[in-house]
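All residue numbers in this chain count up from 1 along the given sequence. Computed from heavy atoms alone, side chains included, the values below leave out hydrogens, waters and symmetry copies. Read the numbers this way: they start at 1 and go in the same order the structure lists the ligands and their atoms.
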Amino acid sequence: MRPHTPQSPTTRRRHARWAAATGAALLTLAMAAPASPRGTDRARESEPTTGAYETTSHAYEVTGPTTAAQRTAVAATGASVDAVRDRSVVITADPAQAERVRRLGWTVRALPAPPDRRDGRPATPYDFPPADAKYHNYAEAMAEINADVAAHPALMSKQVIGKSYEGRDIIAVKVTNGATRTTATGAAKPEVLFTHHQHAREHLTVEMALYLLKEFGSQYGKDGRVTKMLDNRVIWIVPDLNPDGGEYDIATGTYRGWRKNRQPNSGSNNRGTDLNRNWNFKWACCGGSSGSTGSETYRGSAPESAPEVKVVADFVRSRIVGGKQQIKAAIDFHTYSELVLWPFGWTYDDTAPGMTQDDRDAFATIGKSMAASNGYTPEQSSDLYITDGSIDDWLWGNQKIFAYTFEMYPNESGAGGGFYPPDEVIDRETARNREAVLRLLENADCMYRSIGKEAQYCA
Ligand code: 0X9
Ligand code: CA
Ligand code: ZN
């Protein structure tokens with residue numbers, strides 16, 4: 001195991017800002033908690049952990065863990081680790097999981113429930129609350145995408161690649177100048193994949209997909225770099241991997257803080273698989289996911305047991321043409337924490353079977369370049385905590401696609417809104433990733449050029 005540096009100057013700086021924001025948030029909680037539509041802590045803790053009802057999960061601040069190994073132990077209780085700071089983490093847990101974290105010896109405090117953005121107005125079922133109306137629910141996102149495709153038929157086409165558990169279309173939008181089949185040199189166009197919304201409550205990631213489609217459609221022929229990329233790359237955008245979870249999260253007009261899909265689990269009343277623990281690479285290998293259906297990080301009954309994961313994995317496999325995977329690079333968008341992450345998540349080690357030093361160096365060099373452009377923090381994903389069965393580990397470990405995970409805005413759980421930043425930030429926080437996306441596209445033909453080894457790897 002390589003030495004871990006949880007107390008880098010960067011994280012220490014971030015911690016100081018966070019402490020102030022959280023202090024204010026906790027004060028708000030102390031005053032407002034009983035009015036929370038999700039009930040008081042006492043009510044939550046009297047809810048059954050098994051039986052007729054799904055348990056209610058809630059956000060907590062856990063003070064004490066400082067190392068990746070300690071954070072992995074927190075995650076092993078079945079909670080999801082949503083944000084990582086120097087001496088604390090933010091988790092989503094049900095009461096039993098929170099108790100398990102307490103028994104590890106850490107201080108656990110409830111954080112405010114997701115914000116009420118109804119503005120006193122009535123909620124529309126399956127729609128964002130009035131104050132967040134600029135977010136797109138599933139139907140609105142599909143309508144927006146259909147309009148983009150209709151406006152730019154020479155540049156975009158939409159495919160239904162499969163269905164979610166509840167039967168919603170999972171789509172991929174192909175973006176490229178359809179007039180050219182190859183790059184200027186006659187080679188097959190390198191393909192780049194953008195995936196969004198594995199986790200239900202991470203709605204800003206769907207807005208990221210909509211931003212990319214708007215930008216590519218409107219800037220082709222105007223912006224030199226966009227034009228060059230659409231001429232020389234095939235871009236695949238899968239805007240919504242978890243439509244069922246996303247709709248469930250907003251269904252009542254008050255955010256539910258839901259993470260998983262909505263697939264039932266046999267022998268249990270707990271619904272849902274964590275899609276980002278269900279991919280078929282080192283599935284269940286390493287204590288980075290849970291076998292309990294009630295867990296936020298339930299890995300499913302088998303790799304690709306979630307229909308949404310199977311659909312997207314089949315799509316990726318369908319891009320193997322003549323024995324060669326056409327997709328060279330990828331970003332899977334999440335929220336929150338403002339991070340650029342690279343594999344592996346299953347091991348703390350920088351290099352491992354299937355991850356050479358050159359691979360790791362190319363990942364890190366381009367990861368750091370992207371992070372320099374958007375102000376995120378670049379690191380290997382296991383610097384946070386161990387995960388197994390994640391999409392980026394599968395895309396790299398199984399398909400040799402240079403796959404990153406972006407954790408978008410905000411940096412902090414408090415002031416920025418955690419999983420629910422207000423809709424006023426959508427434009428700024430999606431455009432913030434324009435340069436990073438262009439840098440990945442421009443490097444996708446030979447990721448090893450970034451470490452001066454183009455001749456060795458890409459001749
Ligand atoms: O835990 C996750 O799935 C991601 N964080 S989130 O808060 N959005 O749930 C991080 C996944 C990073 N990738 C790997 N660990 N491989
Ligand atoms: Ca608003
Ligand atoms: Zn996520």
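- The nearest heavy-atom contact from the protein to atom 12 (C) of ligand 1 is L341 CD1, 3.7 Å.
- When the Ca ion (ligand 2) is compared with the N/O/S atoms of E424, atom OE2 turns out nearest.
- A ring-centre distance under 6.0 Å is not found for Y336 and Y409.
- In summary, an N, O or S atom of E202 is located under 2.8 Å from the Zn ion (ligand 3).
- With Y165 as the aromatic partner, R262 does not meet the cation-pi criteria of under 6.0 angstrom to the ring centre and within 45 degrees of the ring axis.
- Checking E202, E407, R259, R201 against atom 9 (O) of ligand 1, the nearest heavy atom belongs to R259.
- Among all non-hydrogen protein atoms, the one lying nearest atom 15 (N) of ligand 1 is T387 OG1, 2.5 Å.
- Heavy-atom contacts of D393 reach the following atoms of ligand 1: 16 (N) (cutoff under 4.0 Å).
- Between K163 and D169 there is a salt bridge, since a side-chain N of the basic residue sits under 4.0 Å from a carboxylate O of the acidic one.
- Contact annotation for Y385 and ligand 1: only side-chain heavy atoms (C-beta onward) come within less than 4.0 Å of the ligand.
- The ring of F194 has its center no closer than 6.0 angstrom to the ring center of W236.
- Contact annotation for H199 and ligand 1: only side-chain heavy atoms (C-beta onward) come within less than 4.0 Å of the ligand.
- Counting heavy atoms under 4.0 Å from ligand 1, residue L384 does not touch it at all.
- Minimum-distance N/O/S atom of D423 relative to the Ca ion (ligand 2): OD1.
- Which of T297, N276, D388 comes nearest to atom 3 (O) of ligand 1 through a heavy atom is settled by distance: it is N276.
- Close approach to R277 involves these atoms of ligand 1, each under 4.0 Å from a residue heavy atom: 1 (O), 2 (C), 3 (O).
- Atom ND1 is the N, O or S atom of H334 at the shortest distance from the Zn ion (ligand 3).
- For R117, every N, O or S atom stays at 3.0 Å or more from the Ca ion (ligand 2).
- Atom 13 (N) of ligand 1 has as its closest protein heavy atom D392 OD2, 3.1 Å.
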